[in-house]
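Let me begin by presenting the structure, written as structure tokens, before commenting on it.
Side chains included, hydrogens not; waters and symmetry mates left out as well; all remaining heavy atoms used. Along the sequence shown, residues carry numbers from 1.
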Amino acid sequence: AANHKVVIETQKSDAKYTVTHAYFVTDPDGNVTETDDTFTTEEITGKHGDVVAASDIEAVTTGTSGKQYEETARTEDIILTKDEVKNITISYMRYEYRVEVEGDEGVDTTSGAGTYEKGTDVVTGYSLKEGYDLLRVTVDGEEKTDDLSALTFKAIDANHKVYIET
């Protein structure tokens with residue numbers, strides 16, 4: 001009797017997954033909303049039983065809008081299965097802050113008020129009506145004594161309120 005050698009080759013089935021890049025903004029009042037920058041990749045093919053490590057997925061910190069985001073979270077690693085399209089989600093956040101510039105009746109004009117992206121340098125200013133003298137400038141409730149003609153917030157990372165008194 002002859003001995004026969006049987007070779008059986010097995011091949012793992014294809015399995016698919018996607019990656020969602022979810023982008024959010026926190027407004028000056030602390031409200032969080034998802035932005036239009038969020039997208040999900042086309043299906044990516046791997047093999048049944050393979051582990052896809054969330055940490056291996058490259059972050060995309062610039063949204064399609066061109067705005068910059070900070071990565072805040074990733075979902076867990078996934079094990080690919082042939083009968084289900086799995087997903088890894090990476091979440092990103094950008095922050096907006098408000099600068100208010102107000103004054104009493106002696107203030108003619110103000111500048112610099114608005115909503116700004118985190119990290120922006122913001123310059124505020126004001127002019128007084130004729131016949132009025134500056135009494136004080138307060139920023140976030142604290143009196144300022146340095147150059148008061150223009151207040152600069154370097155790399156803004158909080159809301160600010162400037163008040164000019166005459």
Side-chain angles (χ1 to χ4, degrees), residues 16-44 51-80 84-129 132-166:
K16 299 187 182 295
Y17 70 99
T18 59
V19 177
T20 299
H21 296 272
Y23 297 91
F24 300 88
V25 61
T26 300
D27 72 16
D29 298 318
N31 301 309
V32 177
T33 53
E34 192 166 357
T35 73
D36 292 339
D37 284 333
T38 295
F39 71 95
T40 299
T41 64
E42 298 289 325
E43 290 182 353
I44 302 162
V51 174
V52 179
S55 60
D56 289 347
I57 307 292
E58 187 172 336
V60 181
T61 56
T62 302
T64 55
S65 64
K67 294 185 183 291
Q68 292 298 309
Y69 293 81
E70 300 172 21
E71 182 183 327
T72 56
R74 287 175 184 241
T75 54
E76 300 293 317
D77 298 349
I78 55 175
I79 299 173
L80 299 182
E84 180 184 0
V85 177
K86 301 276 183 110
N87 177 271
I88 290 176
T89 299
I90 304 174
S91 298
Y92 306 87
M93 185 71 69
R94 66 181 171 83
Y95 302 88
E96 295 177 337
Y97 297 104
R98 179 183 304 113
V99 174
E100 297 176 65
V101 183
E102 300 172 351
D104 64 18
E105 70 281 348
V107 177
D108 189 28
T109 62
T110 62
S111 61
T115 300
Y116 298 92
E117 296 283 329
K118 177 181 180 179
T120 303
D121 291 343
V122 179
V123 178
T124 64
Y126 61 89
S127 64
L128 301 179
K129 293 178 181 172
Y132 284 86
D133 293 319
L134 181 66
L135 177 61
R136 77 176 57 89
V137 174
T138 56
V139 176
D140 303 328
E142 294 185 22
E143 188 170 347
K144 292 293 176 189
T145 56
D146 44 352
D147 179 15
L148 301 175
S149 60
L151 295 168
T152 301
F153 299 101
K154 290 276 190 198
I156 192 168
D157 64 355
N159 292 329
H160 294 290
K161 184 169 188 169
V162 177
Y163 192 77
I164 302 103
E165 291 180 72
T166 56

Exercise for the section: Tell me, with the steps shown, if Asp27 and Arg98 meet salt bridge (Lys or Arg N to Asp or Glu O under 4.0 Å). Expected result: CA-CA 8 Å; Asp27 72 16; Arg98 179 183 304 113; over 6 Å; no
Practice task
Kindly indicate, with the supporting measurements, whether the criterion side chain to side chain contact (heavy atoms under 4.5 Å, CB included) is fulfilled by Lys161 and Glu102.
Solution key: CA-CA 8 Å; Lys161 184 169 188 169; Glu102 300 172 351; 3.4 Å; yes
Practice task
Start with the C-alpha distance between Asp104 and Tyr163, add both sets of side-chain angles, then the distance that settles side chain to side chain contact (heavy atoms under 4.5 Å, CB included), and finish with yes or no.
Solution key: CA-CA 8 Å; Asp104 64 18; Tyr163 192 77; 3.5 Å; yes
Handout entry: CA sep, side-chain torsions, deciding dist, call: Ser127, Thr109, side-chain hydrogen bond (donor to acceptor under 3.5 Å, both in side chains)
Key = CA-CA 5 Å; Ser127 64; Thr109 62; 2.5 Å; yes
Exercise for the section: Go through the steps for Leu151 and Val139 under the test side chain to side chain contact (heavy atoms under 4.5 Å, CB included), then give the verdict. Expected result: CA-CA 9 Å; Leu151 295 168; Val139 176; 3.5 Å; yes
Exercise for the section: Would you sort out whether Tyr126 and Leu134 count as a side chain to side chain contact (heavy atoms under 4.5 Å, CB included), showing the intermediate values? Expected result: CA-CA 11 Å; Tyr126 61 89; Leu134 181 66; 3.3 Å; yes
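Distance OG1/Thr61 to NE2/His21: 10.5 Å, rounded to 0.5 Å. Taken from CZ in Arg136 to CD1 in Ile164, the straight-line distance is 12.5 Å, to the nearest 0.5 Å. Here the CD1-CD distance, from Ile78 to Glu84, works out to 9.0 Å after rounding to the nearest 0.5 Å. Note that OG1 of Thr110 is 11.0 Å distant from CD of Glu100, once rounded to the nearest 0.5 Å. In this structure, CG in Asp133 is found 8.0 Å from CG in Leu128, a value given to the nearest 0.5 Å. Summarising the geometry, atom CG belonging to Asn31 is positioned 8.5 Å from atom OG1 belonging to Thr26; distances are rounded to the nearest 0.5 Å.
Side-chain atoms of Thr75 never come within 3.5 Å of backbone atoms of Ile88 as a donor-acceptor pair (strictly under, hydrogens ignored). Between the side chain of Ser65 and the backbone N or O of Lys67 there is at least one donor-acceptor pair closer than 3.5 Å.
With sequence neighbours left out, the side-chain contact (heavy atoms from CB on, under 4.5 Å) criterion links Thr40 to Thr18, Thr20, Asn87. For the ring-ring contact (aromatic ring centres under 6.0 Å, His included) test, residues two or more places apart in sequence or in another chain that qualify with Phe153 are His160. Every ring-ring contact (aromatic ring centres under 6.0 Å, His included) that Tyr23 has, sequence neighbours left out, goes to Tyr69, Tyr92.
Between Thr115 and Pro28 the shortest side-chain heavy-atom distance falls below 4.5 Å. Side chains of Ile44 and Val19 form a contact here, defined as non-hydrogen atoms less than 4.5 Å apart. At a threshold of 4.5 Å between non-hydrogen side-chain atoms, the residues Lys144 and Thr138 do not count as touching.
Other residues, nucleotides and ligands contribute over 12 non-hydrogen atoms within 6.0 Å of the CG atom of Leu135. Within 6.0 Å of CG in Asp29 there are more than 12 heavy atoms belonging to other residues, nucleotides or ligands.
Judged by distance alone, the side chains of Gln68 and Thr62 do bring a donor and an acceptor atom under 3.5 Å apart.
Across every non-hydrogen atom of Leu80 and Lys16, the tightest pair is CD2-O, 4.2 Å.
We find that Lys118 and Glu70 are joined by a salt bridge, their nearest charged nitrogen and carboxylate oxygen being less than 4.0 Å apart.
Under the salt bridge (Lys or Arg N to Asp or Glu O under 4.0 Å) test applied with Arg94, the options Glu117, Glu34, Glu71 reduce to a single match, Glu117.
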